[in-house]
Amino acid sequence: MKNFAASLLALWQQLGLNQRVSLVVATVAVIGGMIAVVLWARRPDYQLLYARLSEKDATAIISQLQTQNIPHQVTAGGTTVLVPSDQVYRLRMELAGKGLPSGDGVGFEIFDKGQFGLSDFVQRTNYLRAIQGELARTIAQLQGVRAARVMIVQPENRLLLTDQSVRSTASVFVDMGGGRLELDQVNAIRHLVANAVQGLAPDQVAVVDNRGRVLSEDLRQDPTLGTASSQMRYKQQVEDYLSRKVESMLAQVIGPGSAVVRVSADIDSEAMSQTQERFDPDGQVVRTQTINEDSSNSQETRTHGGATGVSANVPEKTVADTSAKPLNVTEQNRKNRTTSYEINRTTTSITRNPGSIKNLSASVLIAPRLVPPPAGAAPGAAPTQQKRTPEELTALRQVVVNALGLKIAPGQELDSIVTLQEMPFAAEPVSQTVEAIQHETRLQGWIEVASKWAAVAGAAVALLLFLRLLSKQKPETVPVEVFAMSPDVAARSLQNGSQITPEMLNQLIRQKPANIGTALRDWVATPATKN
């Protein structure tokens, strides 16, 4: 160990001023890089605990972390909290047990504590607050929504309703930062709120963003298509649906992004109600039939002579007179028949709502077919474009006609309904977008890898520089010092010039062995010069 220290000290003494400064700077850089690597390796790996927090929730969560002495980081303007990765799930469960984060509103936890003596109005108000808070928390979980608030208005609970037109309504405010919600997401918010409130229709839910735009106006349904905006919206929906239908089918045949389809629909916006009543005289049937029969008989008789007095008028003692004969006999029969006939009647009621498609026309643009380069082409040659034959274009046009459900009248040409043209496209936005996304993804991956290994790379570069400097720097030639050289030795050295004689070496070895060793190494390493 002493020999090693002595050799280092001797090496240090042999270095010049520039070499010593370079060595000190390189040593400090290497030590600093190693310390930075160690500190970076010992730094905890922070992961996301909660994001998009309100000020109230962020303050409560940070207070809990400080109480437990847990290291944390706050980013994104105080709305995002990061904690060590090995404590994320434990802290989430602990904070959830304490009701954090509570969200922007109060949910159904308002009923966790029993409160006696509350009036019915207060109970209904708390229930309404709970529904509003739960809906706001749910809507805030949608992608692109930073925060949400829900306001619900319900009619008073009365025994007698004086105004039947009063209905439940709701308003939803969404904070999206700089983003924008799609129509499907807005429609989902409307149905989510409407199905959570009794008696609330989706059309009675208004969705407003943080820029003051009414997002639900384009989704309001008008059953009669009475307004021009409703008619245009319905027409746009029909045309977009048919265009996507044809494009998705052509993409499977000629490739994605190689076809552009636009459909024009003529929509009937008139409502009609028609009632028809038809009578068929030939189809009459018997409805009722009544038959009445009357029969009457009458006889007139006359008697000749008989007893007189009281005895003649007593019935019990009347004796039949066999001598009496009928004088006049009348018999009458009458039959009456009444038949009612019903004429065959057909009643037809036709109600036609607006929205039926009266006529359709389509325009289709397709890109030419791409043909791979021939076998003898140069490597990396781009494919060439080849136009399709008229038969192929006719077949594609017929496919579009069948996909749209069009009916061709006799003598009508396909070109008058579906226009199909083949021409080269100006750009390929799909491929450009894919390349941009891939480039951005690769760049982000490189940045993440570079941030992780930056300290290690810096230390390695510093070490390489230090070694390169050491390899380039050579010890300076140490002149042979002559101490107390005898006159005869000095005279011989002057006679021989700069050559070293055995007497000089013996004399110098005895005076200073270190210089002699260095001089011998230089002497051996120096090539001999030719005279």
Backbone of Ile152 reached by a side-chain donor or acceptor of Gln132 within 3.5 Å: yes

Contact check, side chains of Leu181 and Ile189, non-hydrogen atoms, under 4.5 Å: yes

Atom pair CG (Asn187) and CZ (Arg190), whose distance is rounded to the nearest 0.5 Å: 5.5 Å

Gln237 side, atom CD; Ile267 side, atom CD1 - distance, nearest 0.5 Å: 10.5 Å

Pair listing, salt bridge (charged side-chain N to carboxylate O under 4.0 Å, His left out) test, anchored in residues 356-371, at least two apart: Arg369-Glu392

Heavy-atom closest pair, residues Gly199 and Ser168: O-CB, 4.0 Å

From CD (Glu239) to NZ (Lys235), nearest 0.5 Å: 5.0 Å

Qualifying residues under salt bridge (charged side-chain N to carboxylate O under 4.0 Å, His left out), relative to Glu182, sequence neighbours excluded: none

What side-chain donor-acceptor pairs closer than 3.5 Å can you find for residues 74-87, not counting sequence neighbours?
{"residue": "Thr79", "atom": "OG1", "partner": "Ala76", "partner atom": "O", "Å": "2.7"}
{"residue": "Ser85", "atom": "OG", "partner": "Asp45", "partner atom": "O", "Å": "3.4"}
{"residue": "Gln87", "atom": "OE1", "partner": "Arg90", "partner atom": "NH2", "Å": "3.4"}

Between CG on residue Leu393 and NZ on residue Lys387, distance to nearest 0.5 Å: 9.0 Å

Nearest non-hydrogen partners of Gln141 and Arg137, listed with the distance: CG-O, 3.3 Å

Carboxylate-amine/guanidinium contact Glu247 Arg244, below 4.0 Å: no

Flag if over 12 foreign heavy atoms under 6.0 Å of CD, Gln198: no

Val246 vs Leu250 side-chain heavy atoms within contact, under 4.5 Å: yes

Atom pair CG/CG of Leu91 and Leu65 - distance to nearest 0.5 Å: 6.0 Å

Side chain to side chain donor-acceptor pair (under 3.5 Å) against Gln143, all qualifying residues, sequence neighbours excluded: none

Could you list the donor-acceptor pairs under 3.5 angstrom formed by side chains in residues 257-264, with sequence neighbours left out?
{"residue": "Ser258", "atom": "OG", "partner": "Ile254", "partner atom": "O", "Å": "3.4"}

Pair Ile61-Gln64, side chain to side chain contact (heavy atoms under 4.5 Å, CB included): steps then yes or no: CA-CA 5 Å; Ile61 291 174; Gln64 291 291 333; 5.7 Å; no

Non-hydrogen side-chain atoms of Pro424 and Gln385 separated by less than 4.5 Å: yes

Under 3.5 Å donor-acceptor, Ser216 side chain and Val207 backbone: yes

Partners meeting salt bridge (charged side-chain N to carboxylate O under 4.0 Å, His left out) with Arg388 (sequence neighbours left out): Glu422

Heavy-atom pair with the smallest gap, counting every atom of Pro155 and Arg167: CD-C, 4.1 Å

Derivation and outcome, side chain to side chain contact (heavy atoms under 4.5 Å, CB included), residues Leu360 and Ile417: CA-CA 7 Å; Leu360 282 177; Ile417 299 178; over 6 Å; no

Residues that Ser340 engages under side chain to side chain donor-acceptor pair (under 3.5 Å), provided they are two or more places apart: Thr288

Over 12 foreign heavy atoms within 6.0 Å of CE, Met176: yes

Heavy-atom neighbours of Arg180 CZ exceed 12 at 6.0 Å: no

Gln66 CD to Ile62 CD1 distance, which is reported to the nearest 0.5 Å: 7.0 Å

Could you pull out all donor-acceptor pairs under 3.5 Å where a side-chain atom in residues 402-411 meets a protein atom, sequence neighbours excluded?
{"residue": "Asn402", "atom": "OD1", "partner": "Gln398", "partner atom": "NE2", "Å": "3.1"}
{"residue": "Asn402", "atom": "ND2", "partner": "Gln398", "partner atom": "O", "Å": "3.3"}

Leu365 to Phe425 - nearest heavy-atom pair and separation: O-CZ, 3.8 Å

4.5 Å side-chain heavy-atom contact, Ile366 and Leu420: yes

Which residues share a salt bridge (charged side-chain N to carboxylate O under 4.0 Å, His left out) with Glu391, sequence neighbours left out: none

Derivation and outcome, side chain to side chain contact (heavy atoms under 4.5 Å, CB included), residues Thr419 and Val364: CA-CA 6 Å; Thr419 303; Val364 183; over 6 Å; no

Results of side chain to side chain donor-acceptor pair (under 3.5 Å) for Asp175 - residues two or more places apart only: Asn210

Residue list, side chain to side chain donor-acceptor pair (under 3.5 Å) with Asn195, at least two apart or on another chain: none

Heavy-atom side-chain proximity of Val208 to Leu215 below 4.5 angstrom: no

Chi angles and distances behind the side chain to side chain contact (heavy atoms under 4.5 Å, CB included) call for Thr346, Phe279: CA-CA 6 Å; Thr346 302; Phe279 295 90; over 6 Å; no

Listed partners of Arg213 passing salt bridge (charged side-chain N to carboxylate O under 4.0 Å, His left out), at least two apart: Asp209

Backbone N/O of Pro390 and side chain of Thr394: donor-acceptor pair under 3.5 Å: yes

Close side-chain approach of Val238 to Ile357, heavy-atom, < 4.5 Å: yes

Any donor-acceptor pair under 3.5 Å from Arg92 side chain to Leu49 backbone: yes

Over all atoms of both residues, closest heavy-atom pair of Ala194 and Pro202: CB-N, 3.7 Å

